[in-house]
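Just so you know, ligand 1 is whichever comes first in the structure, and atom 1 is the first atom listed for that ligand. Please read these numbers as outputs of a predicted model, since none were measured by experiment.
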Amino acid sequence: MITLRQMSAPRWTAVFLLLAALCCLFVPAVTVKHENFKKCDQSGFCKRNRQFADDVSASSSWTSPYVLDPASITFEKGQLNAIVLKAVKEGEEKARLPLTVTFLDSGVARVTLDEEKRAKGEINLRHDSKARKERYNEAGKWALVGGLKVFEGAALNAEAEQGYTKVVYGKGGKHQAVIRHSPFGIEFQRDGETHVKFNERGFLNVEHWRAKIEKAKEEEKKEGEEEKKEEEKKEETQGEDESTWWEESFGGNTDSKPRGPEAVALDISFPGYEHVFGIPEHATRLSLKTTKGGDNAYDEPYRLYNADVFEYEMDSPMTLYGAIPFMQAHRKGSTVGVFWLNAAETWIDVTKKKNTANPLALGLKGHTDTQTHWMSESGLLDVFVFLGPTPQDLARQYGELTGYTAMPQSFAIAYHQCRWNYVTDEDVKDVDRRFDKFNIPYDVIWLDIEYTQEKKYFTWDPLTFVNPDKMQKQLAKRERKLVAIIDPHIKNTDNYPVIDELKKKDLAVKNKDGNQYEGWCWPGSSMWIDCFNPAAIDWWKGLFKYDSFKGTAPNTFIWNDMNEPSVFNGPETTMPKDNLHHGNWEHRDVHNINGMTFHNATYQAITERKKGELRRPFVLTRAFYSGSQRSAAMWTGDNLAEWAHLEASLPMVLNQGISGFPFAGADVGGFFGNPSKELLTRWYQAGIYYPFFRGHAHIDTRRREPYIAGAPYTEIITQALRLRYQLLPAWYTAFHEASTTGAPIVRPNFYVHPEDDNGFAVDDQLYIGSTGLLAKPVTKEGATSVSVYLADSQPYYDYFDYTTYHGAGHHTVPAPLEKIPLLMQGGHIIPRRDRPRRSSGLMKHDPFTLVVVLDKDGNADGTLYLDDGETFDYQQGAFIHRRFNFDGVRQVLTSTNLDTSSRTVKCEKYLKSMEKVRVEKIIIVGAPSAWKNKAEVTVMEEGRKESKRKQSFPLEYHAAEGKKAAWVVVRDPKAWIGRGWRIDFGDKAAGHEHHGHEH
Ligand SMILES: *[C@@H]1O[C@H](CO)[C@@H](O)[C@H](O)[C@H]1NC(C)=O
């Protein structure tokens, strides 16, 4: 939450209401402050590298100055080492760039390029800087947690022709890296075909270290501004443009750049791939548009430089709050990708090259290549190459490297109610009571910065939050939680022990001179904790102990905002790049990782609030990087209450999912501005499909809790919330899948149907996990229907009335305001809990409904994952993992165990606690007409006495009507959720024992 205006905290509801009333009089002109943020040509290295690319492209005689020295090659245990020489000026020594290419067990290859002079510290820093001399080489330390096992089977291909080195790698030797020596470049092949090319276009650029040639002092003094410019121009004509090498100013801040120019850049091409996805966070489409010419192109590269870009604009490559430099390219039958492991400011150009069909080459169709150009300000060149071939492979391999999504507490995937701000503890309790009064489910209420005493974190305002304990107790009665905000800026003031300790222990980020950096944020003058420092993390953990942060309770969790970091008076609203972090790394080097170190520290702090209390933390973060998924959820920051923002939230959330950080959502209702009742309602109907589902609003907006809108909106919003709660078992199962395989929680069409060319760019509808549930939220004002794209020939059924949609292509699905367009793809079994409750915590022992949705052959399959939703006991086997299957030939529905681990004590205990939880209803959609006269089914359960094993239960048959499919219901079949069972729907069921066994 942010505006630059400093709001004084409205302490009394009256003031608040007055404010709210006043606000309605104005329609604020909201738009992003472009002048606060750099364009490529205002960011020296981006301008230089883009210009370089243009010059290279324009020249016919030019060749890349990078040559691999073949004599330097060594190859051992899955790793190739060599020196790449960069030709510098005539007569000057070439720059030596150590290259490593590592071939990993997973089939992924990693390429790093360093610079010898900097690595050895043989450079001089200007301005007496204390910064490190090396290129930043610790991004992996924060981002990577595994997947680095080397594939020792990788082997040099002896048949490589002169001038090339080839390495065969990957399981079964399917992959090959073809390393060209002169000019240096690499092609990555799978099954003999090239999928990824490095330096195809010659944009590789490692800005080697050089000393600044200082002009004599006297001369400089005499020089007027005019002359200086003349001088620069002269230098330019002599060769490279030095104007941004040594110093850069933007918005009144000057970056001292003690190491001079040090960018790394590389072109990466995906031949034959028309679509590229990923590199969040941008408010753009899933299939990335081009940035340098082409239809409807952007005129700026995609930027990754975590920043507080409030009121951000739609359809833009502008940077936002988080950065995941992972891109995937997709075409029919193949997905490949690259992960550019660099934490500095990064820009990426995307262009497409159409290759028209050659009429002479029979059978060769025209195709499109996607070409990308990656530019980072500093650090190593460090790139992982993924060769797929499926989107699922990429999700798994990227997840092996950066970690899978943490399994959240079950409350965290239910509904969160937030606003800036609930103004008093009584206000919180009142909102809580109203949700109950209107029978609207919710799990978590949130406190923004105003709960603190004068923006001092770890304190409560004694006038407005008089009794936080009592407030938490009321929430806990219905198993509800509180999330309180804690930001990384610490108020620089007297009589505040937190800042005293931060200073005394010297744990703050430093300025370029090595003194504690002081900037401006919510509290006014502030300092920033440096979570790159292990001692800072240890100290941070102590602050969250219950006896330290008084007024918090086991049901209090934390929101980390402003961690890009946002600095109101800093360049681009963030820290100066020449600030110093632990180990004397410049802020420039670590910027995009900064937010992750902070929310990770908070995550650890929440696990250790009390000895012996081991529960999964919940932390929401605004800034993020690759790896953030291991310890946080994210939201898309400060959006607007406009239809366009609702629409943009879907591709953004989908993109988070395929980029390894799926626990994502957007502020429901829009943060800035007042949504119309229709927009608010539609936003809730869409928000129930965000993995992270929170309503939030700016301090200047009117109250908009779901009970406020009135008829018919409140009722419609309540229905949407109930739908989310009903499907929580399906969501939780999807989270489990994400946490074990890296699969997205909500999935775009291309991920589910990777062979369907027509659906690759579809990003306005989504699948929930592996459930076959296909949602198409309404994002247009006044809409009464939506067009849903179906990729395959399975029947799709309306979730509510079983209307059938058949056939690949677009289908019109009715969507009046009260209707949520949601279809079920045939072939799935969806677990639900149908009893409306006030919070998810109250549903823990509720029975289940299974919706069996038959495919065109009469089969269906599904899974359910369950655990206590709270502790880490699931890691010791305390969970239930079932597979449900309906076999259309045998006409048998079975529940079998997917848990192959041995039964632990924790497991037995958990199963015992779930012993009485049963399946209370089975619905079969698309039921065969042969069941019309069927009166009962037979249920057999594992582990019961023979005499009692078999029981019969009535079956209700509902005939098909018009387009609505036939369905049957079996009520309360005494099938326990934690056990194996079999329900026989076949003709011979009565009295006839089938063979086959379940357990
Ligand atoms: C998160 O915390 C863990 C535990 O201390 C640590 O090993 C890891 O490096 C941290 N990761 C980040 C990204 O800060």
| request: Give a yes or no answer on whether the side chain of T574 reaches the backbone of G570 with a donor-acceptor pair at less than 3.5 Å. | output: no
| query | Under 4.0 Å from atom 5 (O) of ligand 1, is there any protein heavy atom? | reply | yes
| remark: Atoms of ligand 1 under 4.0 Å from any heavy atom of Q604, numbered from 1 in the order shown, are 1 (C), 2 (O), 3 (C), 4 (C), 5 (O)
| query | Does the side chain to side chain contact (heavy atoms under 4.5 Å, CB included) test come out yes or no for E400 and V108, once each step is laid out? | reply | CA-CA 11 Å; E400 276 170 14; V108 174; over 6 Å; no
| Are the aromatic rings of F557 and H416 close, with centres under 6.0 Å apart? | no
| message | Within ligand 1, which atoms have a heavy atom of T597 less than 4.0 Å away? | response | 14 (O)
| query | What is the nearest protein non-hydrogen atom to atom 13 (C) of ligand 1, stated with its residue, atom name and distance? | reply | W142 O, 3.3 Å
| query | Is the shortest distance from a Lys or Arg side-chain nitrogen in K505 or D538 to a carboxylate oxygen in the other one below 4.0 Å? | reply | no
| task | Can you pull out the closest protein heavy atom to atom 14 (O) of ligand 1? Residue, atom name and distance to 0.1 Å, please. | result | N600 ND2, 2.9 Å
| request: With rounding to the nearest 0.5 Å, note down the distance linking CZ in F693 to CH2 in W731. | output: 9.5 Å
